Amino acid sequence: MDRYTYNCEYCGKAYTPKRRFKQKYCTSSCRVNSFTKRKKAKENLPDFKKPKEVSVKEKMSWSGIGNAAVGTLATNIATNLLTKEENKPATKGDIQKLLNIGFSKIILIKNIPPRTDGARAYFDITNQIIIYKKNTHVK
């Protein structure tokens, strides 16, 4: 075996390698210190990455628009069919009905029959009493 001397890449000291062409440092501590030094230097450098390639915008086709519309329609129909009525969102018309019911002062009582003169029973919300009114308009 040849007895060449090499210089340590970390400290520069001359040494005779035990593993020729594999060993770059004189001791393990020089090897570890060199790695730590390279790692710290790498962390302090700004990150120079290749700029991202600008992708070409994909063109929209009529078939793509049609497929998207059909998919959306199918999803809406399936959601509408599978959702219970009480879980569906309220519409403007539903809210308007609630507001109209909430602001009326009297409510027809359906389970009390009309009197002999034709007056119907209503509950007055503000006074908390039952009143009888004759219907002036005939349906």
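Worth saying up front: this structure is predicted, and the values here are computed from it rather than measured.
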Legend entry - Heavy atoms of other groups near Glu85 CD, more than 12 under 6.0 Å: no
Legend entry - Shared hydrophobic cluster, Ile77 / Val70 (ILVMFWY, side-chain heavy atoms < 4.5 Å): no
Legend entry - Hydrophobic cluster membership, Leu73 vs Ile65, 4.5 Å side-chain cutoff: no
Inset, instruction - Using side-chain contact (heavy atoms from CB on, under 4.5 Å) as the criterion, list what pairs up with Ala119, not counting sequence neighbours. - result: Arg115, Asp117, Tyr132, Lys134
Inset, instruction - Kindly indicate whether the side chain of Lys13, heavy atoms from C-beta on, has any atom under 4.5 Å from the side chain of Asn7. - result: no
Legend entry - Residue list, side-chain contact (heavy atoms from CB on, under 4.5 Å) with Thr79, at least two apart or on another chain: Thr75, Thr83
Legend entry - By side chain to side chain donor-acceptor pair (under 3.5 Å) - contacts of Thr36 (at least two apart): none
Inset, instruction - Look at atom NZ of Lys88 and say whether more than 12 heavy atoms of other residues, nucleotides or ligands are closer to it than 6.0 Å. - result: yes
Legend entry - Distance-only donor-acceptor check, side chains Thr27 and Arg31, under 3.5 Å: no
Legend entry - Non-hydrogen side-chain atoms of Gln23 and Tyr6 separated by less than 4.5 Å: no
Legend entry - Heavy-atom pair with the smallest gap, counting every atom of Cys26 and Cys8: N-SG, 3.4 Å
Legend entry - Side chains of Ile130 and Ile109 in contact at under 4.5 Å (non-hydrogen atoms): yes
Inset, instruction - Enter the distance from Asp124:CG to Ile129:CD1 here, rounded to the nearest 0.5 Å. - result: 5.5 Å
Inset, instruction - Tell me who clusters with Leu82, hydrophobic residues only, linked when side chains sit under 4.5 Å apart either directly or through other members. - result: none
Legend entry - Path from Val32 to Tyr25 over hydrophobic side-chain contacts below 4.5 Å: no
Legend entry - Nearest heavy-atom neighbours spanning Ala121 and Ile112: CB-CG2, 3.9 Å
Legend entry - Nearest heavy-atom neighbours spanning Ile125 and Ile107: CD1-CD1, 3.6 Å
Legend entry - Point-to-point distance, once rounded to the nearest 0.5 Å, from CG of Asn33 to OG of Ser28: 10.5 Å
Legend entry - Nearest atoms (heavy-atom pairs only) where Gln128 meets Phe123: OE1-CZ, 3.6 Å
Inset, instruction - With sequence neighbours left out, write down each residue that passes side-chain contact (heavy atoms from CB on, under 4.5 Å) with Lys39, or none if nothing qualifies. - result: Phe35, Glu43
Legend entry - Gap between atom OH of Tyr10 and atom CZ of Arg38 - 0.5 Å precision: 11.0 Å
Legend entry - side-chain contact (heavy atoms from CB on, under 4.5 Å) against Asp94, all qualifying residues, sequence neighbours excluded: Ala90, Thr91
